[in-house]
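Right, one structure below, let's go through it.
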Amino acid sequence: MTDVRVRIAPSPTGPLHLGTTRTALFNYLFARHLGGTFILRLEDTDQARSTIEYENDILTGLHWLGMEWDEGPGIGDEPERGSYGPYRQMQRLARYTEAADRLLAEDKAYHCYCSPAELDTERKRQDAGHEPARYSGRCAHLTAAQTASFEAEDRRPVLRFRIPPDRTIAFDDIVRGHVEFDTNALGGDLVIVRSDLTPLYHFTVAVDDAAMAISHVIRGEDHLSNTPKHILLFEALGAAVPQFAHLPLILNPDRTKMSKRKSQTAVADYRAQGFIPEAFVNYLAFLGWSTGTEEEVLSLAELVERFELSAVNSSGAVFDRDRLEWLNGQWIRRLSPEDLIDRLRPFLENEVAAGRIEWMPSDEEISALLPVVQERLPTLAAVGEVIGFLFVKDVEPDAALLVPKRWDAATTVAALDAARRRIADVGEVSWEADEIEPPLRALAEERGWKVGDLFMAIRVAITGRTATPPLFDTMVALGYERSLARLDRAIERLAARAEAS
RNA sequence: GCCGCAUUCGUCUAGAGGCCCAGGACACAGCCCUCUCAAGGCUGAGAUCAUCGGUUCGAAUCCGAUAUGCGGUACCA
């Protein structure tokens with residue numbers, strides 16, 4: 001068997017897309033599982049839309065997810081690595097020109113002088129007549145005189161590849177099985193070089209896959225219909241035809257192909273929202289594939305071990321953010337404390353920058369909080385919600401929230417006041433959760449209050465919210481003085497309000 | 001229009017002729033745990049396996065038709 005060489009070929013015309021990422025993942029898993037080579041090639045021939053920012057976003061995102069490639073740009077400090085380069089199509093232009101010239105010389109391609117407007121009216125006419133849209137082949141056999149006349153009109157020709165008529169192109173797709181196409185339904189001769197002499201996708205992909213000795217083309221289902229064109233091009237180029245595997249599409253909730261119009265598609269956005277790479281990769285791997293066992297939470301290395309291309313599904317998969325969040329929580333809970341702190345730090349800094357918290361907690365403070373925080377984080381970005389109230393000078397509890405539903409304001413003031421005294425009695429030296437809790441339970445029992453009501457009043461007074469980590473751990477984290485101060489403030493505010501009404 | 005691909009709980013999926021009047025997970029509901037929120041545990045609801053016909057002793061699994069959906073049909077990738 002020949003060497004396994006696969007590639008991901010993103011186009012830097014937008015930020016790293018979820019679909020591209022999933023395709024990259026499956027290529028990566030396939031290559032690593034078989035000990036093959038994983039290649040990154042940048043398809044940047046659409047100069048109008050490609051930018052260096054998008055290119056960086058794509059490389060950064062792929063690195064972030066841990067899918068290291070063996071050949072291509074952006075490996076370590078090198079501009080690129082690998083002996084099949086260059087890996088940017090704009091740097092391979094000479095190769096496309098050479099291949100195009102060859103096809104032209106062999107009469108497998110020809111110059112076409114039809115203008116876009118002419119082609120457009122032709123298509124409209126076909127559409128109106130319920131005919132399949134296809135290029136008529138008007139320029140397929142021009143005489144020297146006709147060519148000269150077009151040139152005299154200063155028309156700039158495109159290069160068209162001859163699609164042979166009446167042939168059946170068949171291949172065995174690794175995920176879909178046997179697929180056949182009639183070459184008459186391919187839309188006629190294919191433009192492979194623009195009138196400005198830049199090459200087009202179908203052409204560059206075949207030239208490059210051949211030149212880079214790609215053994216398996218693993219890509220989205222949206223390319224299935226293009227495959228016969230590619231096969232014809234491989235043949236014309238005298239190259240071996242690789243194996244194909246067309247992956248099911250990732251879908252919007254309405255089951256159309258996932259788009260940024262209807263879904264969040266940029267990987268960088270998920271990263272910014274506190275999803276971690278372990279979860280992301282884990283989630284994506286299970287879109288269209290599964291191990292066949294009941295395992296759900298698997299690392300990249302475990303996925304590599306289990307991956308089988310032939311086990312990939314053939315029907316599209318709706319992206320389910322709820323499930324991603326669940327997996328993210330699973331992975332966050334599996335992180336070591338040191339690791340979690342490192343990953344949380346930028347999100348806390350972001351909270352500071354956004355003014356949602358007033359200062360940056362120290363590593364020691366975060367570390368002390370971790371046991372109660374870790375299981376409460378669906379995403380890293382949720383950290384502000386969970387412990388942010390500790391890192392602001394004051395909270396301003398809503399008076400309505402302060403009063404438990406079974407109580408009135410007067411009872412609440414009395415209860416907070418009594419609690420404040422018990423808490424003060426604990427003293428700064430004994431300031432531990434186990435020391436604070438018993439006297440407050442005793443207080444509730446003495447007064448015949450529901451423990452939950454008392455604790456809720458204290459919780460809101462101290463944190464300003466009704467959902468927090470365990471109360472006494474929270475108080476310890478806040479500190480003796482600050483806890484008492486917040487209680488005082490709450491009592492004051494509530495008393496003033498009670499009087500006023 | 002033409003060509004192609006697909007169709008199992010709301011969603012991701014298991015299932016490759018009898019183990020399936022269909023299993024797991026997310027989401028949802030209830031209960032337990034519990035100071036709230038989570039996490040965790042248990043239980044539940046949820047799929048006439050798109051429809052029709054065929055092959056077979058037997059079909060979610062094989063074949064055909066139909067329907068529906070999606071993808072492609074560019075001097076985009």
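Below, read A as the first sequence line, B as the second, and so on, with proteins coming before strands; counting in each chain starts at 1.
- With rounding to whole Å, A:L327 atom CG is found 15 Å from B:rC12 atom P.
- Nucleotides B:rC2 and B:rU8 have their P atoms positioned 26 Å apart, rounded to a whole Å.
- Applying the salt bridge (Lys or Arg N to Asp or Glu O under 4.0 Å) definition to pairs two or more places apart or across chains, those involving residues 175-196 of chain A are A:R176-A:E221.
- Remark: the backbone N or O of A:S299 is not paired with any side-chain donor or acceptor of A:E278 at under 3.5 angstrom.
- Base pairing of B:rG1 is made with B:rU73, judged by Watson-Crick or G-U wobble geometry with both donor-acceptor distances under 3.5 Å.
- Atom CZ in A:R134 sits roughly 15 Å away from atom P in B:rC2 (whole-Å rounding).
- In terms of phosphate contacts, A:R194 brings a side-chain nitrogen or oxygen within less than 4.0 Å of OP1 or OP2 of B:rA77.
- Pairing for B:rG40 goes to B:rC32, judged as Watson-Crick or G-U wobble with the two contacts each under 3.5 Å.
- For the C1' atoms, the distance from B:rG44 to B:rA38 is 22 Å, rounded to whole Å.
- Contact check for A:N226 versus A:V205: no side-chain heavy atoms found under the 4.5 Å cut-off.
- Using a 4.0 Å heavy-atom cutoff across all strands shown, A:L249 reaches sugar-phosphate atoms only and no base atom.
- In terms of modelled atom types and a separation under 3.5 Å, the side chain of A:D173 and the main chain of A:H246 share a donor-acceptor contact.
- Annotation: side-chain hydrogen bond (donor to acceptor under 3.5 Å, both in side chains) contacts of A:D46 (sequence neighbours excluded): A:R49.
- Taking a 6.0 Å sphere around CD of A:E295, one finds it holds more than 12 heavy atoms contributed by other residues, nucleotides or ligands.
- Residue-level contact check: A:N226 touches the bases, meaning some heavy atom is under 4.0 Å from a base atom.
- The side-chain hydrogen bond (donor to acceptor under 3.5 Å, both in side chains) check on A:R41 picks up A:E43, A:D209, with sequence neighbours excluded.
- Residue contacts shown for A:N313 are limited to sugar-phosphate atoms, with no base heavy atom under 4.0 Å away.
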Could you write nucleotides 25-44 of chain B as a row of B, S and -, 5' to 3', where a protein heavy atom under 4.0 Å of any base atom gives B, of only sugar-phosphate atoms gives S, and otherwise -? BBS-------BBBBSS----

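- For B:rU61 and B:rC20, the C1' atoms lie 11 Å apart once the distance is rounded to whole Å.
- The phosphate of B:rC12 has neither OP1 nor OP2 within less than 4.0 Å of any side-chain N or O from A:R321.
- Atom P of nucleotide B:rG69 and atom CE of A:M258 are separated by 21 Å, given to the nearest angstrom.
- For the pair A:D127 and A:Y113, nearest-nucleotide mapping onto RNA chain B gives the more 5' position to A:D127.
- Here A:G220 lies out of heavy-atom contact (under 4.0 Å) with every strand.
- Base contact: A:A133 has a heavy atom under 4.0 Å from a base atom.
- When heavy atoms are screened at a 4.0 angstrom cut-off, A:V158 is found touching base atoms of the nucleic acid.
- Side-chain contact between A:L232 and A:R167 is present, with at least one heavy-atom pair separated by less than 4.5 Å.
- If you take atom P in B:rA47 and the same atom in B:rC62, they sit 24 Å apart, rounded to whole Å.
- Put simply, NE2 on A:H202 is 12 Å from C1' on B:rC75, counting in whole angstrom units.
- Between A:K124 atom NZ and B:rA74 atom P there is a gap of 13 Å when expressed in whole angstrom units.
- The side-chain hydrogen bond (donor to acceptor under 3.5 Å, both in side chains) search around A:T411 returns A:D408, not counting sequence neighbours.
- A:T468 and A:T463 get closest at one heavy-atom pair: CG2-OG1, 3.3 Å.
- For A:D44 and B:rC76, the CG to C1' distance is 14 Å, given to the nearest whole Å.
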What N/O pairs connect the protein and nucleotides 3-8 of chain B at under 3.5 Å? Give each pair on its own line.
residue	atom	partner	partner atom	Å
B:rC5	O2'	A:R176	NH1	2.6
B:rC5	O2'	A:E221	OE2	3.4

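- Mapped onto RNA chain B by nearest heavy atom, A:G187 and A:L200 fall at different nucleotides, with A:G187 at the one closer to the 5' end.
- The side-chain heavy atoms of A:L454 and A:V451, taken from C-beta on, include no pair separated by under 4.5 Å.
- Set against B:rG71, B:rU73, B:rA14, the side chain of A:K229 has B:rU73 as its closest nucleotide.
- Using Watson-Crick or G-U wobble geometry with both donor-acceptor distances under 3.5 Å, B:rC62 finds its partner in B:rG54.
- Taking atom P in both B:rA16 and B:rG10, one finds a spacing of 23 Å when rounded to whole Å.
- Within 4.0 Å of A:T256, counting heavy atoms only, lie sugar-phosphate atoms of the nucleic acid but no base atom.
- Atom CZ of A:F203 is separated from atom C1' of B:rA77 by 16 Å (rounded to the nearest Å).
- Comparing B:rA77 with B:rU68, their P atoms are spaced 34 Å from each other, to the whole Å.
- Taking atom NE2 of A:H230 as the reference point, atom C1' of B:rG72 lies 11 Å away to the nearest angstrom.
- Here A:T198 lies out of heavy-atom contact (under 4.0 Å) with every strand.
- Using Watson-Crick or G-U wobble geometry with both donor-acceptor distances under 3.5 Å, B:rU7 finds its partner in B:rA67.
- For the P atoms, the distance linking B:rG69 with B:rC76 amounts to 30 Å, nearest Å.
- When atom types are taken as modelled, the side chain of A:R22 and the backbone of A:L287 share a donor-acceptor pair closer than 3.5 angstrom.
- B:rA29 sits 13 Å from B:rC37 when the P atoms are compared, rounded to a whole Å.
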